[in-house]
S.K.: 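I have a structure I would like to understand better, so I am pasting it below and will then ask my questions one at a time.
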Amino acid sequence: MSQRYTIRLTVNGEKIERDVEPRLLLSDFLRHELRLTGTHVGCEHGSCGACTILLDGQAVRSCIMFAVQADGHALTTIEGVAPDWTASSGPEAMHPVQIAFWEKHGLQCGYCTPGFIMTLIPFLEENPHPSDEEIIQAISGNICRCTGYQNIVAAVRRAAELMG
Amino acid sequence: MKPAPFQYFAPVTVDDALALLAEHGYDAKLLAGGQSLVPTMNFRLSQPGVLVDLNKIADLAYIRADSDGTLRIGAMTRQSTVERDPLTARHAPLLAEAMPHIAHRQIRNRGTIGGSLAHADPAAELPAIMVTLNARFVIQGAGRRREVAARDFFQALFMTDLAPDEILTEIIIPPMPPGSGWAMDEIARRHGDYALVGAAALVTMPEGDLCADATLTFLSVGETPVVATLACAYLCGARIDDACIAEAARMAGQEDMDPPGDIHASVAYRRKLAQVLARRVLTRAFQRAKDGVV
Ligand SMILES: Cc1cc2nc3c(=O)[nH]c(=O)nc-3n(C[C@H](O)[C@H](O)[C@H](O)COP(=O)(O)OP(=O)(O)OC[C@H]3O[C@@H](n4cnc5c(N)ncnc54)[C@H](O)[C@@H]3O)c2cc1C
Ligand code: FES
Ligand code: FES
(Lines give C-alpha, C1' and ligand atoms only; values in the text may rest on other atoms or scores of the structure.)
(Ligands and ions follow the chains in the order given, each with its own letter.)
Protein backbone atom coordinates (compact mmCIF):
# COMPACT_ATOMS: atom_id res chain seq x y z
CA MET A 1 0.00 0.00 0.00
CA SER A 2 1.47 3.29 -1.06
CA GLN A 3 -0.20 5.73 1.32
CA ARG A 4 2.57 7.56 3.18
CA TYR A 5 2.51 10.22 5.85
CA THR A 6 4.94 12.99 6.55
CA ILE A 7 5.80 13.08 10.22
CA ARG A 8 7.70 15.76 12.10
CA LEU A 9 9.10 14.92 15.49
CA THR A 10 12.03 15.51 17.80
CA VAL A 11 14.36 12.63 18.55
CA ASN A 12 17.05 13.15 21.19
CA GLY A 13 16.70 16.89 20.74
CA GLU A 14 17.05 16.79 16.97
CA LYS A 15 14.19 17.81 14.67
CA ILE A 16 13.34 15.13 12.15
CA GLU A 17 11.00 14.94 9.16
CA ARG A 18 10.32 11.67 7.32
CA ASP A 19 7.72 9.99 5.15
CA VAL A 20 6.43 6.75 6.65
CA GLU A 21 4.00 4.01 5.79
CA PRO A 22 1.30 3.87 8.53
CA ARG A 23 2.07 0.27 9.48
CA LEU A 24 5.73 1.03 10.32
CA LEU A 25 6.29 0.32 14.01
CA LEU A 26 7.98 3.08 15.97
CA SER A 27 10.70 0.62 17.04
CA ASP A 28 11.47 -0.19 13.40
CA PHE A 29 11.40 3.49 12.48
CA LEU A 30 14.02 4.21 15.13
CA ARG A 31 16.20 1.25 14.24
CA HIS A 32 15.92 1.07 10.46
CA GLU A 33 15.11 4.62 9.36
CA LEU A 34 17.05 6.60 11.95
CA ARG A 35 19.69 3.91 12.58
CA LEU A 36 19.26 4.32 16.33
CA THR A 37 19.83 0.65 17.01
CA GLY A 38 20.20 1.05 20.77
CA THR A 39 16.44 0.53 21.06
CA HIS A 40 16.18 -3.25 21.06
CA VAL A 41 13.33 -5.49 19.98
CA GLY A 42 12.63 -8.69 21.89
CA CYS A 43 9.02 -9.78 21.57
CA GLU A 44 7.13 -7.19 19.51
CA HIS A 45 4.01 -7.59 21.57
CA GLY A 46 4.61 -5.39 24.55
CA SER A 47 5.79 -8.04 27.00
CA CYS A 48 9.55 -7.81 27.34
CA GLY A 49 10.28 -4.09 27.67
CA ALA A 50 13.44 -4.15 25.50
CA CYS A 51 12.02 -1.49 23.17
CA THR A 52 11.15 1.03 25.91
CA ILE A 53 11.76 4.68 24.98
CA LEU A 54 10.54 8.02 26.30
CA LEU A 55 7.59 9.69 24.58
CA ASP A 56 7.30 13.26 25.90
CA GLY A 57 9.27 12.10 28.95
CA GLN A 58 7.13 9.03 29.71
CA ALA A 59 8.33 5.46 29.29
CA VAL A 60 6.42 3.59 26.55
CA ARG A 61 6.89 0.47 24.42
CA SER A 62 7.96 1.51 20.93
CA CYS A 63 7.01 -1.87 19.42
CA ILE A 64 3.28 -1.37 19.95
CA MET A 65 3.05 2.17 18.63
CA PHE A 66 3.15 3.24 15.00
CA ALA A 67 5.77 5.75 13.85
CA VAL A 68 3.01 7.88 12.34
CA GLN A 69 1.60 8.34 15.86
CA ALA A 70 4.85 9.99 17.00
CA ASP A 71 4.10 12.96 14.76
CA GLY A 72 4.48 16.15 16.80
CA HIS A 73 6.02 14.41 19.81
CA ALA A 74 9.45 14.41 21.43
CA LEU A 75 11.24 11.08 21.81
CA THR A 76 14.29 10.08 23.78
CA THR A 77 16.14 6.86 23.09
CA ILE A 78 19.11 5.32 24.89
CA GLU A 79 21.39 7.21 22.49
CA GLY A 80 20.10 10.50 23.91
CA VAL A 81 20.39 10.00 27.67
CA ALA A 82 24.05 10.81 28.29
CA PRO A 83 24.88 14.47 28.91
CA ASP A 84 27.31 14.31 25.98
CA TRP A 85 27.06 11.08 24.06
CA THR A 86 29.86 12.03 21.70
CA ALA A 87 32.30 11.90 24.62
CA SER A 88 34.10 8.55 24.73
CA SER A 89 34.88 8.68 28.44
CA GLY A 90 34.44 10.77 31.58
CA PRO A 91 31.30 11.62 33.55
CA GLU A 92 29.67 13.30 30.54
CA ALA A 93 29.74 10.12 28.49
CA MET A 94 27.11 8.24 30.48
CA HIS A 95 23.87 8.92 32.32
CA PRO A 96 24.06 8.17 36.09
CA VAL A 97 21.75 5.16 35.57
CA GLN A 98 24.18 3.81 32.96
CA ILE A 99 27.12 4.39 35.32
CA ALA A 100 25.27 2.54 38.09
CA PHE A 101 24.56 -0.47 35.82
CA TRP A 102 28.22 -0.54 34.86
CA GLU A 103 29.49 -0.29 38.46
CA LYS A 104 27.06 -2.89 39.84
CA HIS A 105 27.27 -5.37 36.98
CA GLY A 106 23.62 -4.77 36.14
CA LEU A 107 24.12 -6.32 32.71
CA GLN A 108 25.68 -9.28 31.01
CA CYS A 109 24.78 -9.45 27.33
CA GLY A 110 23.16 -6.03 27.49
CA TYR A 111 20.21 -6.86 25.27
CA CYS A 112 17.62 -5.80 27.82
CA THR A 113 19.66 -2.90 29.25
CA PRO A 114 18.45 0.03 27.11
CA GLY A 115 14.87 -0.88 27.99
CA PHE A 116 15.66 -1.05 31.71
CA ILE A 117 17.45 2.29 31.60
CA MET A 118 14.66 4.05 29.72
CA THR A 119 12.16 2.66 32.25
CA LEU A 120 14.27 3.71 35.20
CA ILE A 121 15.13 7.29 34.26
CA PRO A 122 11.57 8.68 34.64
CA PHE A 123 10.98 6.32 37.60
CA LEU A 124 13.96 7.69 39.54
CA GLU A 125 13.13 11.27 38.62
CA GLU A 126 9.67 10.75 40.13
CA ASN A 127 10.84 8.58 43.05
CA PRO A 128 14.31 9.73 44.09
CA HIS A 129 14.38 7.43 47.15
CA PRO A 130 12.64 4.19 46.14
CA SER A 131 12.25 1.20 48.44
CA ASP A 132 13.32 -2.23 47.16
CA GLU A 133 9.64 -3.08 46.77
CA GLU A 134 9.10 -0.02 44.58
CA ILE A 135 12.20 -0.85 42.53
CA ILE A 136 10.97 -4.39 41.91
CA GLN A 137 7.57 -3.08 40.81
CA ALA A 138 9.19 -0.49 38.56
CA ILE A 139 11.21 -3.11 36.67
CA SER A 140 8.44 -5.73 36.59
CA GLY A 141 7.69 -4.85 32.97
CA ASN A 142 11.23 -5.53 31.80
CA ILE A 143 12.59 -9.02 31.25
CA CYS A 144 16.27 -9.90 31.58
CA ARG A 145 17.27 -13.38 30.49
CA CYS A 146 20.85 -13.51 31.72
CA THR A 147 21.96 -11.13 34.47
CA GLY A 148 19.48 -12.12 37.15
CA TYR A 149 17.63 -9.32 38.82
CA GLN A 150 19.72 -8.96 41.99
CA ASN A 151 22.43 -6.92 40.33
CA ILE A 152 19.85 -4.86 38.49
CA VAL A 153 18.12 -3.94 41.74
CA ALA A 154 21.52 -3.08 43.24
CA ALA A 155 22.20 -0.90 40.21
CA VAL A 156 18.93 0.97 40.72
CA ARG A 157 19.81 1.63 44.36
CA ARG A 158 23.20 2.93 43.25
CA ALA A 159 21.60 5.05 40.53
CA ALA A 160 19.32 6.64 43.13
CA GLU A 161 22.44 7.58 45.14
CA LEU A 162 24.19 9.01 42.10
CA MET A 163 21.17 11.04 41.03
CA GLY A 164 20.23 12.19 44.53
CA MET B 1 6.24 -10.02 12.97
CA LYS B 2 4.85 -6.94 11.28
CA PRO B 3 1.30 -5.66 10.81
CA ALA B 4 -0.45 -6.01 7.48
CA PRO B 5 -0.93 -2.77 5.52
CA PHE B 6 -3.86 -0.55 6.45
CA GLN B 7 -5.23 2.88 5.72
CA TYR B 8 -4.70 5.32 8.56
CA PHE B 9 -6.84 8.23 9.70
CA ALA B 10 -6.33 10.49 12.71
CA PRO B 11 -9.51 12.56 13.09
CA VAL B 12 -9.55 15.41 15.60
CA THR B 13 -13.25 15.28 16.53
CA VAL B 14 -15.60 12.49 17.60
CA ASP B 15 -17.95 13.37 14.73
CA ASP B 16 -15.18 12.90 12.17
CA ALA B 17 -14.25 9.57 13.75
CA LEU B 18 -17.89 8.44 13.62
CA ALA B 19 -18.12 9.48 9.96
CA LEU B 20 -15.05 7.35 9.18
CA LEU B 21 -16.57 4.36 10.97
CA ALA B 22 -19.81 4.81 9.02
CA GLU B 23 -17.89 5.04 5.75
CA HIS B 24 -15.64 2.01 6.26
CA GLY B 25 -17.95 -0.29 8.20
CA TYR B 26 -16.57 -3.60 9.43
CA ASP B 27 -13.21 -2.92 7.76
CA ALA B 28 -12.42 -0.15 10.25
CA LYS B 29 -11.05 -0.48 13.76
CA LEU B 30 -10.56 2.18 16.41
CA LEU B 31 -7.04 2.65 17.75
CA ALA B 32 -6.85 3.92 21.34
CA GLY B 33 -3.70 3.17 23.38
CA GLY B 34 -2.88 0.30 21.05
CA GLN B 35 -1.66 -1.83 23.97
CA SER B 36 -4.04 -4.68 23.15
CA LEU B 37 -4.75 -3.99 19.48
CA VAL B 38 -1.22 -3.50 18.13
CA PRO B 39 0.19 -6.76 19.58
CA THR B 40 -2.59 -8.65 17.78
CA MET B 41 -1.84 -6.72 14.58
CA ASN B 42 1.88 -7.49 14.89
CA PHE B 43 1.00 -11.18 14.96
CA ARG B 44 -1.58 -10.67 12.22
CA LEU B 45 -4.30 -12.08 14.42
CA SER B 46 -6.06 -8.87 13.53
CA GLN B 47 -5.77 -7.24 10.09
CA PRO B 48 -8.06 -4.22 9.94
CA GLY B 49 -8.12 -2.50 6.55
CA VAL B 50 -8.60 0.91 8.14
CA LEU B 51 -7.38 2.29 11.47
CA VAL B 52 -9.17 5.25 12.99
CA ASP B 53 -6.75 6.66 15.57
CA LEU B 54 -8.52 8.42 18.46
CA ASN B 55 -5.33 9.88 19.95
CA LYS B 56 -5.72 13.31 18.36
CA ILE B 57 -9.22 13.85 19.76
CA ALA B 58 -8.34 16.12 22.69
CA ASP B 59 -12.00 16.25 23.77
CA LEU B 60 -11.92 12.60 24.82
CA ALA B 61 -9.18 12.95 27.45
CA TYR B 62 -10.39 14.45 30.75
CA ILE B 63 -11.33 13.70 34.34
CA ARG B 64 -14.03 15.86 35.88
CA ALA B 65 -16.18 15.72 39.00
CA ASP B 66 -19.75 17.07 39.13
CA SER B 67 -20.84 18.98 42.24
CA ASP B 68 -22.61 15.86 43.59
CA GLY B 69 -19.37 13.85 43.35
CA THR B 70 -20.17 12.04 40.10
CA LEU B 71 -16.89 11.34 38.30
CA ARG B 72 -16.72 11.66 34.51
CA ILE B 73 -13.74 10.24 32.65
CA GLY B 74 -13.15 10.65 28.93
CA ALA B 75 -12.53 7.34 27.17
CA MET B 76 -9.09 8.38 25.86
CA THR B 77 -7.74 9.27 29.30
CA ARG B 78 -4.51 7.32 29.82
CA GLN B 79 -4.58 4.68 32.54
CA SER B 80 -1.59 6.33 34.26
CA THR B 81 -3.46 9.65 34.31
CA VAL B 82 -6.51 8.03 35.90
CA GLU B 83 -4.16 6.38 38.40
CA ARG B 84 -2.56 9.62 39.54
CA ASP B 85 -5.36 12.19 39.29
CA PRO B 86 -6.40 13.29 42.81
CA LEU B 87 -10.06 13.30 41.66
CA THR B 88 -9.85 9.52 41.24
CA ALA B 89 -8.60 9.02 44.79
CA ARG B 90 -11.25 11.38 46.16
CA HIS B 91 -14.33 10.21 44.26
CA ALA B 92 -13.51 6.66 43.19
CA PRO B 93 -10.89 5.30 45.61
CA LEU B 94 -11.70 1.73 44.51
CA LEU B 95 -10.63 2.66 40.99
CA ALA B 96 -7.46 4.30 42.34
CA GLU B 97 -6.65 1.13 44.28
CA ALA B 98 -7.11 -1.04 41.18
CA MET B 99 -5.06 0.99 38.69
CA PRO B 100 -1.53 -0.13 39.74
CA HIS B 101 -2.59 -3.76 39.19
CA ILE B 102 -3.04 -3.12 35.46
CA ALA B 103 0.03 -4.24 33.52
CA HIS B 104 3.14 -2.09 33.98
CA ARG B 105 3.72 1.62 34.09
CA GLN B 106 4.97 1.68 30.47
CA ILE B 107 1.69 0.09 29.34
CA ARG B 108 -0.47 2.37 31.50
CA ASN B 109 1.30 5.42 30.09
CA ARG B 110 -0.23 4.59 26.74
CA GLY B 111 -3.24 2.37 27.48
CA THR B 112 -6.57 4.15 27.92
CA ILE B 113 -9.49 3.56 30.25
CA GLY B 114 -11.92 3.30 27.32
CA GLY B 115 -9.66 0.91 25.40
CA SER B 116 -9.52 -1.52 28.29
CA LEU B 117 -13.31 -1.45 28.72
CA ALA B 118 -14.04 -1.81 25.00
CA HIS B 119 -11.51 -4.65 24.75
CA ALA B 120 -13.38 -6.51 27.55
CA ASP B 121 -10.69 -9.00 28.47
CA PRO B 122 -12.16 -11.25 31.18
CA ALA B 123 -8.85 -10.98 33.07
CA ALA B 124 -8.80 -7.18 32.96
CA GLU B 125 -9.31 -5.17 36.14
CA LEU B 126 -11.32 -2.21 34.84
CA PRO B 127 -14.46 -4.06 33.68
CA ALA B 128 -14.90 -5.64 37.13
CA ILE B 129 -14.23 -2.32 38.86
CA MET B 130 -16.81 -0.51 36.71
CA VAL B 131 -19.43 -3.17 37.42
CA THR B 132 -18.72 -2.89 41.15
CA LEU B 133 -18.98 0.90 41.07
CA ASN B 134 -22.24 0.73 39.14
CA ALA B 135 -20.70 2.88 36.40
CA ARG B 136 -22.49 3.92 33.23
CA PHE B 137 -20.88 4.28 29.81
CA VAL B 138 -21.71 6.94 27.23
CA ILE B 139 -21.71 5.53 23.71
CA GLN B 140 -21.93 7.67 20.60
CA GLY B 141 -22.94 6.71 17.09
CA ALA B 142 -23.53 8.94 14.08
CA GLY B 143 -26.19 11.37 15.31
CA ARG B 144 -27.03 9.37 18.42
CA ARG B 145 -25.92 9.06 22.00
CA ARG B 146 -26.92 6.44 24.54
CA GLU B 147 -25.94 5.32 28.02
CA VAL B 148 -25.52 1.76 29.14
CA ALA B 149 -24.87 0.34 32.60
CA ALA B 150 -21.54 -1.43 33.05
CA ARG B 151 -23.46 -4.55 34.10
CA ASP B 152 -25.17 -4.71 30.71
CA PHE B 153 -22.14 -3.67 28.67
CA PHE B 154 -20.01 -6.81 29.06
CA GLN B 155 -21.73 -9.60 27.15
CA ALA B 156 -19.22 -12.38 26.54
CA LEU B 157 -15.53 -13.06 26.02
CA PHE B 158 -14.16 -9.86 24.40
CA MET B 159 -17.74 -8.95 23.46
CA THR B 160 -19.56 -5.81 24.50
CA ASP B 161 -22.70 -3.90 23.73
CA LEU B 162 -20.74 -1.64 21.32
CA ALA B 163 -21.78 -1.75 17.66
CA PRO B 164 -18.98 -1.48 15.05
CA ASP B 165 -20.01 2.08 14.18
CA GLU B 166 -20.04 3.31 17.78
CA ILE B 167 -17.46 4.88 20.08
CA LEU B 168 -17.31 4.64 23.85
CA THR B 169 -16.78 8.28 24.83
CA GLU B 170 -17.29 8.68 28.58
CA ILE B 171 -17.33 6.67 31.79
CA ILE B 172 -19.66 7.96 34.51
CA ILE B 173 -19.01 6.82 38.07
CA PRO B 174 -21.75 7.69 40.58
CA PRO B 175 -20.74 8.95 44.04
CA MET B 176 -20.50 6.36 46.81
CA PRO B 177 -23.23 6.64 49.47
CA PRO B 178 -22.15 7.78 52.96
CA GLY B 179 -20.82 4.92 55.07
CA SER B 180 -19.19 3.17 52.12
CA GLY B 181 -16.10 1.00 52.18
CA TRP B 182 -14.20 -0.51 49.27
CA ALA B 183 -11.26 -2.79 48.47
CA MET B 184 -9.65 -4.52 45.52
CA ASP B 185 -7.05 -7.27 45.42
CA GLU B 186 -5.80 -9.91 43.03
CA ILE B 187 -3.39 -12.79 42.75
CA ALA B 188 -0.99 -12.85 39.82
CA ARG B 189 2.21 -14.82 39.35
CA ARG B 190 4.22 -11.65 38.87
CA HIS B 191 3.32 -8.00 39.47
CA GLY B 192 1.69 -6.67 36.31
CA ASP B 193 0.71 -10.04 34.90
CA TYR B 194 -2.92 -10.73 34.21
CA ALA B 195 -4.47 -11.98 37.46
CA LEU B 196 -5.35 -15.63 38.06
CA VAL B 197 -8.27 -14.25 40.04
CA GLY B 198 -9.16 -10.75 41.23
CA ALA B 199 -11.91 -9.41 43.49
CA ALA B 200 -13.44 -6.00 44.17
CA ALA B 201 -15.90 -5.04 46.89
CA LEU B 202 -18.02 -1.99 47.58
CA VAL B 203 -20.10 -2.06 50.75
CA THR B 204 -22.31 0.35 52.65
CA MET B 205 -22.59 0.22 56.41
CA PRO B 206 -23.99 3.58 57.55
CA GLU B 207 -24.48 2.64 61.20
CA GLY B 208 -22.97 0.12 63.58
CA ASP B 209 -22.24 -3.26 62.03
CA LEU B 210 -25.38 -3.61 59.92
CA CYS B 211 -24.63 -3.98 56.23
CA ALA B 212 -27.01 -1.96 54.05
CA ASP B 213 -25.59 -2.89 50.65
CA ALA B 214 -22.75 -4.96 49.22
CA THR B 215 -21.34 -5.62 45.76
CA LEU B 216 -18.63 -8.21 45.28
CA THR B 217 -17.26 -8.75 41.77
CA PHE B 218 -14.59 -11.08 40.38
CA LEU B 219 -12.35 -11.00 37.36
CA SER B 220 -10.72 -13.94 35.59
CA VAL B 221 -13.37 -16.42 36.73
CA GLY B 222 -15.73 -16.25 33.74
CA GLU B 223 -16.25 -14.68 30.33
CA THR B 224 -17.24 -11.33 31.84
CA PRO B 225 -16.97 -9.76 35.30
CA VAL B 226 -18.81 -12.06 37.70
CA VAL B 227 -20.97 -10.55 40.45
CA ALA B 228 -21.28 -12.84 43.47
CA THR B 229 -25.06 -12.54 43.68
CA LEU B 230 -25.71 -15.02 46.48
CA ALA B 231 -22.91 -13.69 48.65
CA CYS B 232 -24.13 -10.12 48.16
CA ALA B 233 -27.71 -11.07 49.09
CA TYR B 234 -26.41 -12.89 52.16
CA LEU B 235 -24.46 -9.80 53.29
CA CYS B 236 -27.27 -7.28 52.77
CA GLY B 237 -29.00 -6.68 56.08
CA ALA B 238 -26.59 -8.94 57.97
CA ARG B 239 -24.60 -8.05 61.08
CA ILE B 240 -21.01 -8.09 59.90
CA ASP B 241 -18.42 -10.09 61.79
CA ASP B 242 -15.60 -12.43 60.77
CA ALA B 243 -17.88 -15.48 60.58
CA CYS B 244 -20.36 -13.66 58.35
CA ILE B 245 -17.58 -12.52 56.00
CA ALA B 246 -16.13 -16.05 55.90
CA GLU B 247 -19.51 -17.51 54.96
CA ALA B 248 -20.06 -14.90 52.24
CA ALA B 249 -16.59 -15.63 50.87
CA ARG B 250 -17.34 -19.36 50.83
CA MET B 251 -20.60 -18.78 48.96
CA ALA B 252 -18.82 -16.54 46.45
CA GLY B 253 -16.09 -19.08 45.67
CA GLN B 254 -18.23 -22.21 45.78
CA GLU B 255 -21.72 -21.18 44.62
CA ASP B 256 -21.56 -17.89 42.75
CA MET B 257 -19.09 -18.82 40.04
CA ASP B 258 -18.27 -21.44 37.48
CA PRO B 259 -14.60 -20.63 36.82
CA PRO B 260 -12.60 -22.08 33.95
CA GLY B 261 -9.56 -24.31 34.51
CA ASP B 262 -6.47 -23.79 32.38
CA ILE B 263 -2.69 -24.20 32.50
CA HIS B 264 -2.47 -21.25 34.89
CA ALA B 265 -4.94 -22.48 37.50
CA SER B 266 -7.37 -25.38 37.90
CA VAL B 267 -11.07 -24.89 38.63
CA ALA B 268 -10.62 -25.86 42.28
CA TYR B 269 -7.63 -23.56 42.70
CA ARG B 270 -9.53 -20.60 41.18
CA ARG B 271 -12.45 -21.22 43.57
CA LYS B 272 -10.03 -21.31 46.47
CA LEU B 273 -8.30 -18.11 45.39
CA ALA B 274 -11.68 -16.42 44.93
CA GLN B 275 -12.69 -17.38 48.45
CA VAL B 276 -9.42 -16.11 49.94
CA LEU B 277 -9.62 -12.86 47.99
CA ALA B 278 -13.29 -12.35 48.85
CA ARG B 279 -12.46 -12.61 52.52
CA ARG B 280 -9.61 -10.14 52.18
CA VAL B 281 -11.49 -7.50 50.23
CA LEU B 282 -14.70 -7.78 52.29
CA THR B 283 -12.77 -7.49 55.54
CA ARG B 284 -10.96 -4.39 54.31
CA ALA B 285 -14.07 -2.84 52.78
CA PHE B 286 -16.19 -3.26 55.94
CA GLN B 287 -13.33 -1.94 58.06
CA ARG B 288 -13.14 1.17 55.90
CA ALA B 289 -16.91 1.62 56.13
CA LYS B 290 -16.67 1.35 59.91
CA ASP B 291 -13.79 3.83 60.05
CA GLY B 292 -16.04 6.27 58.25
CA VAL B 293 -13.55 7.21 55.55
CA VAL B 294 -16.39 8.28 53.23
C1 LIG C 1 2.35 -6.72 28.45
C2 LIG C 1 0.95 -6.29 28.69
C3 LIG C 1 0.35 -6.56 29.91
C4 LIG C 1 -0.97 -6.18 30.17
N5 LIG C 1 -1.50 -6.47 31.38
C6 LIG C 1 -2.76 -6.08 31.65
C7 LIG C 1 -3.36 -6.34 32.93
O8 LIG C 1 -2.73 -6.91 33.82
N9 LIG C 1 -4.64 -5.94 33.12
C10 LIG C 1 -5.35 -5.29 32.15
O11 LIG C 1 -6.50 -4.95 32.39
N12 LIG C 1 -4.82 -5.01 30.96
C13 LIG C 1 -3.54 -5.38 30.68
N14 LIG C 1 -3.01 -5.09 29.46
C15 LIG C 1 -3.86 -4.42 28.44
C16 LIG C 1 -3.85 -2.91 28.59
O17 LIG C 1 -4.50 -2.50 29.76
C18 LIG C 1 -4.51 -2.24 27.38
O19 LIG C 1 -4.12 -0.90 27.45
C20 LIG C 1 -6.01 -2.28 27.29
O21 LIG C 1 -6.51 -3.59 27.34
C22 LIG C 1 -6.50 -1.72 25.97
O23 LIG C 1 -6.50 -0.34 26.02
P24 LIG C 1 -5.88 0.51 24.84
O25 LIG C 1 -6.23 1.92 25.11
O26 LIG C 1 -4.47 0.18 24.69
O27 LIG C 1 -6.78 0.02 23.60
P28 LIG C 1 -6.43 -0.51 22.15
O29 LIG C 1 -5.47 -1.62 22.21
O30 LIG C 1 -6.10 0.63 21.26
O31 LIG C 1 -7.87 -1.05 21.73
C32 LIG C 1 -8.42 -2.25 22.26
C33 LIG C 1 -9.75 -2.54 21.57
O34 LIG C 1 -10.76 -1.64 21.98
C35 LIG C 1 -11.29 -0.89 20.89
N36 LIG C 1 -11.48 0.47 21.39
C37 LIG C 1 -10.51 1.23 22.00
N38 LIG C 1 -11.04 2.39 22.41
C39 LIG C 1 -12.35 2.39 22.07
C40 LIG C 1 -13.42 3.32 22.25
N41 LIG C 1 -13.24 4.49 22.88
N42 LIG C 1 -14.65 2.99 21.78
C43 LIG C 1 -14.85 1.79 21.16
N44 LIG C 1 -13.88 0.87 20.97
C45 LIG C 1 -12.64 1.17 21.41
C46 LIG C 1 -10.27 -1.02 19.79
O47 LIG C 1 -10.85 -0.92 18.52
C48 LIG C 1 -9.71 -2.41 20.05
O49 LIG C 1 -10.54 -3.38 19.51
C50 LIG C 1 -1.70 -5.48 29.17
C51 LIG C 1 -1.10 -5.17 27.94
C52 LIG C 1 0.20 -5.57 27.69
C53 LIG C 1 0.82 -5.25 26.36
S1 FES D 1 9.95 -5.64 21.94
FE2 FES D 1 8.59 -4.19 22.71
S3 FES D 1 8.04 -5.01 24.60
FE4 FES D 1 9.23 -6.60 23.74
S1 FES E 1 21.69 -8.60 30.24
FE2 FES E 1 21.24 -10.18 28.83
S3 FES E 1 19.08 -10.12 28.79
FE4 FES E 1 19.52 -8.79 30.37
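By convention in this document, chain letters (A, B, ...) are assigned in the order of the sequence lines, proteins followed by strands, and residues within each chain are numbered from 1.
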S.K.: Tell me, side chain or backbone of B/Ala103 under 4.5 Å from chain A's heavy atoms, or both, or neither?
M.R.: neither
S.K.: Can you check whether A/Lys15's main-chain N or O pairs, donor with acceptor, with A/Arg8's side chain at less than 3.5 Å?
M.R.: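 No: the side chain of A/Arg8 does not pair with the backbone of A/Lys15.
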S.K.: If you tally heavy-atom pairs under 4.5 Å against chain B, which of A/Val41, A/Val68, A/Leu24 wins?
M.R.: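 The candidate making the most pairs under 4.5 Å is A/Val68.
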S.K.: At a 4.5 Å cut-off on heavy atoms, which part of A/Leu55 comes close to chain B: side chain, backbone, both, or neither?
M.R.: side chain
S.K.: For the backbone of A/Leu107 and the side chain of A/Thr113, can you confirm whether one donor and one acceptor N or O come within less than 3.5 Å of each other?
M.R.: no
S.K.: Below 4.5 Å from any heavy atom of chain A, which atoms of B/Leu37 appear? Answer side chain, backbone, both or neither.
M.R.: neither
S.K.: At a 4.5 Å cut-off on heavy atoms, which part of A/Tyr5 comes close to chain B: side chain, backbone, both, or neither?
M.R.: side chain
S.K.: Between B/Ile113, B/Ile171, B/Asp85, which is the residue that forms a side-chain contact (heavy atoms from CB on, under 4.5 Å) with B/Ile63?
M.R.: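 Single side-chain contact (heavy atoms from CB on, under 4.5 Å) partner of B/Ile63 among B/Ile113, B/Ile171, B/Asp85: B/Asp85.
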S.K.: Using modelled atom types only, decide if a donor and an acceptor are shared between the side chain of B/Arg78 and the backbone of B/Arg110 within a distance under 3.5 Å.
M.R.: yes
S.K.: When you measure from the side chain of A/Thr52 to the backbone of A/Met118, do you find a donor-acceptor pair of N or O atoms at a distance under 3.5 Å?
M.R.: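 It does not hold such a pair.
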S.K.: Heavy-atom distance under 4.5 Å to chain B: side chain of A/Leu25, backbone, both or neither?
M.R.: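 A/Leu25 touches chain B through side-chain heavy atoms alone.
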